[in-house]
Amino acid sequence: MFETYLRRDSLFAEKGALSDEFRPQALLHREREQKMLANVLLPALRGDKPSNLFIYGKTGTGKTIGTRFVCSEMESFAREKRLPLKVVYVNAQLKKVADTEYRLISTLASHFGVTLPATGLPTGKIYKAFSSALDTQKSLVLIVIDEIDNVVRKCGNELLYNLMRINSELKSSRVSIIGITNDLNLLKQVDSRVRSSLSEEELVFAPYDATQLSDILEARSSVAFQPGVIDQSVIPKCAAYAAREHGDARRALNLLRMAGEVAERSGAPRIDATHVDMAVEKLDTETAVEFVKNQPLQSKAVLYTIIALKETHPDFTTGDIYTKYKAVCPLFGQKCLTQRRVSDLINELASTGILSADVVSKGRYGRSKTIDLLVNNQTLVKISATLRAEVVAAY
DNA sequence: AGGTATTCACATGAAACTATTCTCTGAGTTAGG
DNA sequence: TAACTCAGAGAATAGTTTCATGTGAATACCTGT
């Protein structure tokens with residue numbers, strides 16, 4: 001079995017070229033954005049503090065790669081010319097690393113060689129340590145905070161306000177902040193003073209359209225696959241799928257990779273359009289199942305309840321779910337939560353797109369949410385199998 | 001018939017609580033000189 | 001006397017609970033015709 005596997009030629013040449021981490025030498029169709037970004041940051045090379053910058057864009061529009069690309073070009077240029085410039089990048093989405101005010105600052109500080117404990121210190125102390133570390137740099141520092149909405153949602157104005165203020169405490173360094181987010185409404189939740197100083201400049205990364213996605217896929221696939229294994233219909237098809245989902249390049253690449261894997265596993269010599277179709281389904285199911293697996297037990301219990309209800313009732317509301325949930329909970333070996341919390345859990349599930357929860361008012365009969373599952377049958381079967389396994393495990 | 005008031009069944013918000021993990025500090029203990 | 005140990009106070013954080021308030025429209029109730 002292993003012999004035949006090895007003997008068979010792989011369709012892939014360099015699979016990594018289709019993964020998230022891969023950094024192409026050039027970013028296609030983002031020339032305008034990169035130029036604008038560079039323009040804003042240019043004063044840094046003269047030693048002036050560039051404006052703070054806010055970058056918007058849906059997932060997979062190249063905002064992260066684009067920003068990092070420009071920043072690192074700039075940094076290496078500065079190093080060459082011996083200009084005092086430093087760029088630090090943090091992703092505020094990383095759990096346990098930078099997803100709270102405290103952790104974000106301590107992660108930033110660690111970029112300057114200051115190691116701080118993961119917990120236990122007052123926040124003020126962290127700021128002090130950070131700003132003194134900054135000051136010893138004696139240079140211009142660009143702080144790039146990716147997925148900044150994560151922290152802002154958690155600690156509101158605090159973080160941004162404190163970051164704004166940090167410049168006034170510094171003697172020999174200056175900081176500029178680049179915030180990256182996919183939440184267009186983020187700044188509305190922020191105090192107006194912070195808002196105006198944080199978003200001195202704004203930049204929007206528009207979604208890719210189908211032709212642009214095709215170009216990107218074309219470029220990557222020439223690296224990723226053996227020559228001539230891709231049917232000409234494949235790339236346009238992947239691009240079209242992804243374009244429908246708000247032009248997400250990451251998704252397009254995933255799709256292409258999955259199509260390749262599907263073809264390879266079925267022993268096909270070439271990748272064709274049918275493989276793409278199979279890949280779409282598989283990708284959907286796989287991400288959904290993976291998501292469910294990673295949920296906390298209580299969420300699983302709620303989801304299990306909803307699926308069970310769905311089998312018997314066409315329509316149900318929060319109240320129905322909670323009633324049934326109370327019976328389901330022991331199966332998962334958990335103690336029951338309050339309805340308040342379950343309501344929130346339902347909302348959380350809804351926000352991930354696995355189900356819909358719409359508030360409806362039924363007049364005399366109150367106000368509630370009607371819940372519906374948003375996954376296809378095949379996926380549903382897999383998910384409920386996963387959950388049932390969980391129930392068995394709890395015994 | 002038309003208008004207003006009620007009422008339901010939750011939604012939504014805010015604050016407070018719990019448990020866990022971690023640091024820091026100072027008191028008490030110990031071993032060696 | 002210096003080094004070590006250890007308990008207790010304080011913080012941050014995640015996940016909840018408790019308490020309080022909000023809400024949209026189908027119905028019940030009332031009014032005047």
Side-chain angles (χ1 to χ4, degrees), chain A residues 90-110 114-133 145 147-163 185-186 188-191 291-306 309 313-326 328-330 332-352 355-372 390 394:
Chain A
V90 284
N91 186 333
Q93 197 160 50
L94 293 176
K95 289 264 178 287
K96 306 277 172 194
V97 176
D99 56 344
T100 64
E101 183 183 20
Y102 182 100
R103 295 211 262 250
L104 186 86
I105 299 299
S106 87
T107 313
L108 283 174
S110 75
V114 183
T115 41
L116 293 162
T119 165
L121 297 183
T123 321
K125 219 163 189 174
I126 297 286
Y127 272 104
K128 277 227 180 73
F130 174 55
S131 67
S132 68
I145 306 175
E147 315 278 356
I148 197 171
D149 41 322
N150 261 300
V151 238
V152 172
R153 245 197 302 279
K154 266 192 195 160
C155 57
N157 292 320
E158 287 295 298
L159 171 80
L160 296 177
Y161 185 73
N162 286 332
L163 278 177
N185 299 316
L186 180 71
K188 283 185 191 146
Q189 312 164 17
V190 173
D191 185 88
F291 164 78
V292 169
K293 270 189 189 155
N294 290 329
Q295 285 305 102
L297 268 177
Q298 289 288 4
S299 291
K300 283 180 185 166
V302 172
L303 192 57
Y304 182 88
T305 313
I306 292 170
L309 271 176
H313 303 56
D315 257 351
F316 48 90
T317 61
T318 311
D320 304 327
I321 294 174
Y322 189 64
T323 317
K324 176 124 193 173
Y325 160 84
K326 279 192 283 194
V328 165
C329 227
F332 281 81
Q334 295 295 105
K335 77 177 218 283
C336 292
L337 301 177
T338 48
Q339 177 156 338
R340 178 72 186 81
R341 181 60 186 143
V342 171
S343 171
D344 275 349
L345 288 178
I346 293 170
N347 283 340
E348 280 165 29
L349 287 171
S351 75
T352 68
L355 49 82
S356 69
D358 301 315
V359 181
V360 286
S361 180
K362 285 179 294 195
R364 194 69 214 276
Y365 305 105
R367 222 163 94 92
S368 182
K369 271 190 288 221
T370 49
I371 283 91
D372 204 0
E390 200 79 38

Measure the distance from [atom1] on [X] to [atom2] on [N] and round it to the nearest whole Å.
| X | N | atom1 | atom2 | value |
| --- | --- | --- | --- | --- |
| A:Q295 | C:dG15 | CD | P | 11 Å |
| A:Q298 | C:dT16 | CD | C1' | 10 Å |
| A:R367 | C:dT21 | CZ | P | 18 Å |
| A:L337 | C:dT16 | CG | P | 5 Å |
| A:D358 | B:dC10 | CG | C1' | 15 Å |
| A:N150 | C:dA14 | CG | C1' | 15 Å |
| A:K128 | C:dA11 | NZ | P | 14 Å |
| A:R340 | C:dG22 | CZ | C1' | 12 Å |

Sugar-phosphate, base or nothing in reach of A:N347, heavy atoms under 4.0 Å: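 If one applies the 4.0 Å heavy-atom cut-off, A:N347 turns out to touch the sugar-phosphate alone, with no base involved.
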Sugar-phosphate only, base, or nothing, as touched by A:D99 at under 4.0 Å among non-hydrogen atoms: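 The answer is sugar-phosphate, as A:D99 gets under 4.0 Å only of primed atoms, P, OP1 or OP2.
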Do the side-chain N or O atoms of [X] get closer than 4.0 angstrom to the phosphate oxygens (OP1, OP2) of [N]?
| X | N | value |
| --- | --- | --- |
| A:T123 | C:dA12 | yes |
| A:T317 | B:dA9 | no |
| A:Y365 | C:dT27 | yes |
| A:T338 | C:dT17 | yes |
| A:S343 | B:dT12 | no |

Check every atom of [options] against the side chain of [X] and return the nucleotide holding the closest atom.
| X | options | answer |
| --- | --- | --- |
| A:R103 | B:dT23, C:dA14, C:dT16 | C:dA14 |
| A:R364 | C:dA12, C:dT27, B:dC10 | C:dT27 |
| A:T100 | B:dA11, C:dA11, C:dT13 | C:dT13 |

Quiz item: A:R341 side-chain donor-acceptor pair to C:dT17 base, under 3.5 Å: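 Answer is no: no donor-acceptor pair is held.
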Just by distance, do the side chain of [X] and the backbone of [Y] share a donor-acceptor pair under 3.5 Å?
| X | Y | answer |
| --- | --- | --- |
| A:S343 | A:Q339 | no |
| A:Y325 | A:L337 | yes |
| A:Q298 | A:K335 | yes |

Test applied, side chain to side chain donor-acceptor pair (under 3.5 Å); reference residue, A:K300; option that passes from A:Q295, A:Q334, A:E390: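 The single option meeting the side chain to side chain donor-acceptor pair (under 3.5 Å) with A:K300 is A:E390.
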Contact nearer the 5' end of DNA chain B, comparing A:K362 with A:K369: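 The residue whose closest nucleotide sits nearer the 5' end is A:K362.
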Ion pair check, A:K324 and A:D320, cut-off under 4.0 Å: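 No, A:K324 and A:D320 are not salt-bridged.
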